[in-house]
Structures are given as C-alpha cells and as structure tokens.
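Reading through the structure tokens given below for one structure.
Just so you know, these numbers come straight off a predicted model, no measurement behind them.
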Amino acid sequence: MSVYLCGFMGCGKSHIGRMLALKLGMKLVDLDKYIVEAEKMTIPEIFEKFGEPHFRALEAKYIRELSDGYVVATGGGALLNDETAKFARESGISVYINTSFETCYLRIKGDKNRPLVMKNTPEQLEELYNTRAPIYRKNSTFMVNGNTRDYIIAEEIAKLARFSGQAE
C-alpha cells in the first residue's frame, strides 16, 4: 500500500512527501523525477515532442508501478484522471494538499521545468487551479490544509495513513 499526494503545482507534494516518508519509514518517489529518469527526457521535452496527453498517459502508467510501500509525490495532473485516481485509492490512500493559489504561484512562477507555467499567464494558471481543485477533492481519499506549517501537514497525513492502515 502507498500514500499518494496530489494537488496543484507548488502545493508542497515533494517537500511534504520527504517529511512524510521519514515519519512513516517509507521511500519517497517524486513521480515527475521518476518519469524523467525512466523516459530519459525532461518534462518540457516530453511535452514538446509528444504533447500533454502523452505525458498524462506516462503518469498513469508509472503510478501503477508505485503501489507497494511508497509515498508518491504525484505531478499536478496525475490524479485528475479518474482511472488513475481510482487505482491510487484502491492501492493506498490519496491525499489532496489544498494550498492556496497565491502560495502555489509564488513557488512555481518562472519555473522552466513546468511547461504549463511557462505557457500560461498567472490568470490562466489561476483558472486552471480553480478547475482542478474540485477534481482533486473528488479523486482523493482525504484532503488536508496546505496553508499551514509543513511539519503539521506531514504529521496530519501520517496520522491519516496510520489510521487507514497504510503505515505502522
């Protein structure tokens, strides 16, 4: 069983994931980095060469390899796919880190490794955020407040994982 962290770009999935993995004695896998290593291409290269739908298919493919004993920091779009989200819920728990758009944007603005950030205005990104938020809620087992201290978020998710039988 694994713990899948989801939420908008910059919500803290990777950072919180590192803390959570230590707390639970599990291995952290950052799904974006996993895909880059497996495909031997950067995310911008994958988007440019094959398009976003192909990248989303890669997320769905690789998330299935991480169903046993991992904390998975998914990409911002990975659990938007209903089938991928269902798989995550059935093979562990998925937790939506609900962080404000303003905080997310401060963390991601100008990040050249995020194709969606580079090709959209702040207003377009906020619209994307507002479109995705209800899908994250629907597709997650739990939701936590991402607008507080990182150690509090990690502890709350650890309690949820222990309560759900995903961790000792």
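Ring geometry for His54 against Phe50 counts as tilted: the plane angle lies between 30° and 60°, on a 0 to 90° scale.
Using a 4.5 Å heavy-atom cutoff, the side chains of Asn139 and Thr84 are not in contact. Leu106 has its side chain out of reach of Glu102: every pair of non-hydrogen atoms, C-beta onward, lies at least 4.5 Å apart. Between Tyr4 and Ile63 there is a side-chain heavy-atom pair separated by less than 4.5 Å. A 4.5 Å side-chain heavy-atom check between Glu65 and Tyr34 finds at least one atom pair inside the cut-off. Proximity of Ile43 to Asn113: side-chain heavy atoms (C-beta onward) are nowhere separated by under 4.5 Å. Residues Leu20 and Val95 have side chains not in contact (no heavy-atom distance under 4.5 Å, counting atoms from C-beta outward). At least one side-chain heavy atom of Leu125 sits under 4.5 Å from a side-chain heavy atom of Met9. Counting heavy atoms from C-beta on, the side chains of Val36 and Glu39 never come closer than 4.5 Å.
Between Arg107 atom CZ and Cys11 atom SG the span is 7.5 Å, to the nearest 0.5 Å. Of the inter-residue distances, the one linking Glu45 atom CD with Thr42 atom OG1 reads 3.5 Å to the nearest 0.5 angstrom. The CZ atom of Arg56 sits 11.0 Å away from the CD1 atom of Ile46 when rounded to the nearest 0.5 Å. The distance from atom OG of Ser94 to atom CG of Leu5, rounded to the nearest 0.5 Å, is 9.5 Å.
Put simply, Val117 and Ile35 are part of the same group of oily side chains (I, L, V, M, F, W, Y) that touch within less than 4.5 Å, one to the next. Side-chain heavy atoms closer than 4.5 Å link hydrophobic residues (I, L, V, M, F, W, Y) into clusters, and following such links, possibly through other members, connects Ile93 to Ile153. At a threshold of 4.5 Å between side-chain heavy atoms, the hydrophobic network of Ile, Leu, Val, Met, Phe, Trp and Tyr places Ile16 and Met26 in one connected group. Cluster annotation: Ile157 is not connected to Tyr136 through the hydrophobic network of ILVMFWY side chains, with a link wherever side-chain heavy atoms come within less than 4.5 Å. Hydrophobic cluster membership is shared by Leu116 and Tyr129, with clusters built from Ile, Leu, Val, Met, Phe, Trp and Tyr side chains linked at under 4.5 angstrom.
Pairing each heavy atom of Lys112 with each of Pro44, the nearest pair is O-CG, 3.6 Å. In this structure, Lys13 and Ile97 approach most closely via the heavy-atom pair CA-CD1, 4.0 Å. Of all heavy-atom pairs spanning Cys6 and Thr74, the tightest one is CA-OG1, 3.6 Å. The nearest pair of heavy atoms linking Gly69 to Ser2 is N-OG, 3.3 Å. The two atoms that bring Arg137 and Tyr96 nearest to each other are CG-CE2, 3.5 Å, heavy atoms only. Listed here is the closest heavy atom pair of Arg132 and Gly76: NH1-O, 3.3 Å.
One finds a salt bridge joining Arg162 and Glu155 here, because a Lys/Arg side-chain nitrogen approaches an Asp/Glu carboxylate oxygen to under 4.0 Å.
With a 6.0 Å radius and a threshold of 12 heavy atoms from other residues, nucleotides or ligands, Glu127 has its CD atom at or below the threshold. Around the CD atom of Glu48, the shell of radius 6.0 Å holds no more than 12 heavy atoms that belong to other residues, nucleotides or ligands. Crowding of Lys138 atom NZ: a count of heavy atoms from other residues, nucleotides or ligands under 6.0 Å exceeding 12.
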Original post:
salt bridge (Lys or Arg N to Asp or Glu O under 4.0 Å) between Lys159 and Glu156: does it pass, once the steps are laid out?
Top reply: CA-CA 5 Å; Lys159 286 178 186 174; Glu156 185 174 346; over 6 Å; no

**OP:** Could you please spell out the steps behind the side-chain contact (heavy atoms from CB on, under 4.5 Å) verdict for His15 and Met19?
**Re:** CA-CA 7 Å; His15 177 69; Met19 298 174 75; 3.8 Å; yes

Original post:
Going through the checks in order, is the side-chain contact (heavy atoms from CB on, under 4.5 Å) test met by Thr103 and Phe8?
Top reply: CA-CA 10 Å; Thr103 298; Phe8 198 68; over 6 Å; no

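Geometrically, Arg64 engages Phe87 in a cation-pi contact, judged by NZ or CZ lying under 6.0 Å from the ring centre and within 45° of the ring axis.
No hydrogens or angles considered: nothing links the side chains of Asn98 and Asn145 as a donor-acceptor pair under 3.5 Å. Side-chain contact check for Ser14 and Asp30: at least one donor-acceptor pair (N or O, by modelled atom type) lies under 3.5 Å. No side-chain donor-acceptor contact under 3.5 Å links Glu37 and Tyr62.
Between the Thr121 side chain and the Gln124 main chain, a donor and an acceptor come within less than 3.5 Å of each other. For Arg18 (side chain) and Leu28 (main-chain N/O), no donor-acceptor pair under 3.5 Å exists by modelled atom type. Between the Glu126 side chain and the Glu123 main chain, no donor and acceptor come within less than 3.5 Å of each other.
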